[in-house]
Each structure stands twice: as structure tokens, then as C-alpha cells.
Participant: 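Here it is: the structure, laid out below.
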There are 2 protein chains.
Amino acid sequence: MIRDSRLSSVLHGLLHMIGAGEPVTSEQLAQAMATNPVVVRRVMAGLREQGLVRSEKGHGGGWTLARDPADITLADIYRAVGTPTIVAMGHRSENPGCLVEQAVNDALSGTFREVEALFLKRLGAVTLDALAKDFKRRLAKHKQSLEDQIHAIK
Amino acid sequence: MIRDSRLSSVLHGLLHMIGAGEPVTSEQLAQAMATNPVVVRRVMAGLREQGLVRSEKGHGGGWTLARDPADITLADIYRAVGTPTIVAMGHRSENPGCLVEQAVNDALSGTFREVEALFLKRLGAVTLDALAKDFKRRLAKHKQSLEDQIHAIK
DNA sequence: TATCATGTAACTTCATATGTTACATGAGCG
DNA sequence: CGCTCATGTAACATATGAAGTTACATGATA
């Protein structure tokens with residue numbers, strides 16, 4: 001099973017940052033991500049290390065995107081968020097001397113690499129910018145729908 | 001991240017059963033799987049429900065394969081071992097009303113299905129029998145290597 | 001009926017992710 | 001300069017789930 005509710009959560013935060021136009025504080029992000037400021041800093045620190053976001057201290061400080069959203073893919077974010085490998089199975093005792101272990105590993109390790117590669121390839125095909133646009137589309141549609149309802153009442 | 005050290009562990013147990021020719025007790029499997037009997041029963045119960053193994057109580061009882069190893073794939077075992085979906089991400093609050101959530105889900109859910117399908121396809125291509133044969137090959141090779149060393153000393 | 005083995009509930013670790021508190025550091029503003 | 005705002009981070013608390021453990025019931029066989 002793939003962990004992260006973190007990826008989803010971070011994407012919330014990043015979409016928020018795209019819309020903001022000015023530095024967003026951890027406090028604000030914490031609300032968007034339904035968590036608290038310290039957790040936000042912890043997670044964002046990973047993105048900062050990968051050069052995806054910047055942080056500024058003091059007045060008017062906060063978090064900003066460090067790169068064009070069109071140049072950031074979900075794969076970049078996934079990696080930065082800190083799940084190194086999707087698949088990390090067995091090898092419980094990391095016992096390379098065991099011949100059963102060797103046979104099992106041989107049968108599975110190639111599969112794991114393939115699966116992970118496919119996963120990252122798909123994530124790599126979606127940019128943050130594309131995601132933001134999709135979101136805006138949904139927002140516009142939603143707004144339209146509400147307006148229609150108002151009209152129907154009148 | 002994919003869980004299971006369980007898959008790897010169970011495969012140990014099953015290979016052990018193939019070699020045995022008679023029912024293997026939870027006690028014995030526990031040793032092969034580096035765990036304890038109760039955990040073995042718990043995990044094997046899943047395999048039994050899927051009709052992969054049988055259990056017998058009393059004297060001479062224990063666990064046996066219920067099907068030809070050539071008809072059991074690693075995918076069968078993986079499923080029986082109880083990880084329903086490989087990928088189970090985000091949706092922390094399972095908040096379908098959130099438009100960001102919707103955009104993210106749309107971008108990722110297809111990917112998840114694809115990745116899972118590939119994973120199961122690859123596992124489905126390896127039978128328990130094939131794994132057992134691979135293990136035997138390694139064993140023979142290892143034995144040969146040891147004999148060579150003895151010769152070298154003489 | 002004594003023994004061996006599974007079946008299972010209940011409880012105890014153990015690991016890890018997440019949340020929280022507290023305080024240090026640095027940036028700007030009066 | 002000192003005040004406030006914001007990040008940076010260590011240390012601790014909580015929650016969840018997997019794995020291990022104990023205890024006892026059930027069924028099979030000698």
C-alpha cells in the first residue's frame with residue numbers, strides 16, 4: 001500500500017500558494033491542509049530541499065513556489081514529499097544469505113522496479129500547473145451551477 | 001509504499017510446505033517464517049479462505065497446499081495475504097465535496113488503478129511452482145559450490 | 001481419554017506517522 | 001534598538017496498525 005495522504009495534502013497547499021500571489025504562512029497552509037503549522041513546515045522543508053518552494057522569515061514572510069508550476073510535476077512533489085520507493089517489501093531480516101529469500105527477491109524486485117517506474121512516469125506527466133487549471137475549471141463550473149440554482153428560484 | 005513483509009514471509013512458509021510432503025505444523029512454519037505459531041495461523045487463515053491451503057487438527061495435523069503449486073500464482077497469494085489495494089492514498093478526510101480533492105483524485109486515481117493492475121499482472125505471471133524450482137536450482141548450485149571448496153582443500 | 005494441533009479472543013509490545021509544545025533564529029518595522 | 005512575525009527544530013505526546021504473546025476452546029487421532 002502506498003502511504004501518503006501527504007501527497008494529497010501537499011497538493012492542497014501548493015494549489016493554495018499558486019492562487020495567493022504572495023507568501024503564504026504555515027498557519028494559512030495548515031488550514032488548507034487540515035493540519036497544524038509545525039507539520040506544514042516539516043513537510044514543506046522536503047520540498048524546499050528539492051528547490052520546489054522557498055521560505056522567508058519575518059514580516060511578510062511565508063512560503064512561495066520557487067519554480068514555474070508548469071515545470072513542476074507531481075513526480076517531483078511525490079519524491080520531495082519523502083517516499084523514496086513505492087515498494088518496500090519484505091526483506092524483513094535483510095538476510096541475503098537465505099536462498100529462499102534470494103529466489104523471492106529475484107522474482108519480485110524486477111516487478112517492483114517496473115511498478116515504481118510506471119507510477120513515477122504517470123505522475124511525471126501531470127504538472128502542477130495542469131492540476132491548478134483543472135481545479136479552476138471545476139471551480140468555474142461549480143459557480144455556474146450555483147448561479148443556475150439561483151436563477152431557477154427567481 | 002507497499003506493505004508486506006508478509007508476502008515474502010508467507011512464500012517462505014509455502015516453499016517449506018512444498019518440500020515437506022506431509023502436513024507442516026504452525027510451530028514448524030513459525031521457524032521458517034521467523035515468527036510465532038499464532039501469527040502463522042492468522043496469516044494462513046487468509047490463504048485457507050482463498051482455498052490455497054488446508055489445515056488439519058490433531059495428531060499428524062498441520063498445513064498442506066490445497067492446490068497444485070503450478071496453479072497458484074504470486075498474485076493469488078498476495079491477494080489472500082490481505083492487501084486489498086496496493087495504492088491507498090490521501091483522501092484523508094474522504095471529503096468528496098472539496099474541489100481540490102476532486103482534481104487531485106481525478107489526476108491520480110487512474111494512475112493508481114494502472115499501477116495496481118501492472119503489479120498484479122507481474123505477480124500473476126509467476127507460479128509457486130516456478131519459484132520452488134528456482135529455489136531448488138539455487139540450492140543445487142550452492143551445494144556444488146561447497147563441494148568445489150572441499151575439493152580445493154583436498 | 002490423553003495428547004496434539006488448529007482457532008480465536010484478548011492483551012501487550014513496537015514502529016511509525018502525526019500532532020503539540022516550547023524555544024531558538026532571523027527578518028523587517030517602528 | 002527592541003518588538004513582532006515567521007520559520008526552524010528539538011522534544012515530547014498521541015494515534016494507528018502490525019506483530020507478538022498468552023490463554024483457552026475445539027476438534028482429531030492414537
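The sequence lines fix the lettering, A, B, ..., with proteins before strands; numbering per chain opens at 1.
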Participant: Please assess B/I150 against B/I153 for the test side-chain contact (heavy atoms from CB on, under 4.5 Å), listing each intermediate value before the final yes or no.
Facilitator: CA-CA 5 Å; B/I150 290 171; B/I153 291 171; 5.7 Å; no

Participant: Between B/D148 and B/Q144, does any side-chain donor sit less than 3.5 Å from a side-chain acceptor?
Facilitator: yes

Participant: Angle class for the A/Y78/A/F119 ring planes (parallel below 30°, perpendicular above 60°, tilted otherwise)?
Facilitator: perpendicular

Participant: When you get a sec, tell me which of D/dG8, C/dG7, D/dA6 is the closest nucleotide to the side chain of A/R48?
Facilitator: D/dG8

Participant: Starting from C1' on C/dT6, measure out to CE on B/M17 and report it in whole angstrom.
Facilitator: 14 Å

Participant: OP1 or OP2 of D/dA6 versus the side-chain N and O atoms of A/S26: is any pair under 4.0 Å?
Facilitator: no

Participant: Could you state the CG-C1' distance from A/L7 to C/dA17, rounded to the nearest angstrom?
Facilitator: 16 Å

Participant: In this structure, how many angstroms lie between the P atom of D/dA6 and the CZ atom of A/R54, rounded?
Facilitator: 19 Å

Participant: Could you write nucleotides 21-30 of chain D as a row of B, S and -, 5' to 3', where a protein heavy atom under 4.0 Å of any base atom gives B, of only sugar-phosphate atoms gives S, and otherwise -?
Facilitator: BB---BBBB-

Participant: Is there a side-chain contact (heavy atoms from CB on, under 4.5 Å) between B/T127 and B/L74? Walk through the geometry before answering.
Facilitator: CA-CA 6 Å; B/T127 66; B/L74 300 197; over 6 Å; no

Participant: Please determine if a side-chain N or O atom of B/S55 lies less than 4.0 Å away from the OP1 or OP2 oxygen of C/dT6.
Facilitator: no

Participant: Could you verify whether a donor N or O on one side chain and an acceptor N or O on the other, from A/W63 and A/T25, lie under 3.5 Å apart?
Facilitator: no

Participant: For residues 40-62 of chain B, which residue pairs pass the salt bridge (charged side-chain N to carboxylate O under 4.0 Å, His left out) check, not counting sequence neighbours?
Facilitator: none

Participant: Could you state the CD-C1' distance from B/E22 to C/dA5, rounded to the nearest angstrom?
Facilitator: 14 Å

Participant: Starting at CD of B/E27 and ending at P of C/dG7, how long is that distance when rounded to a whole Å?
Facilitator: 15 Å

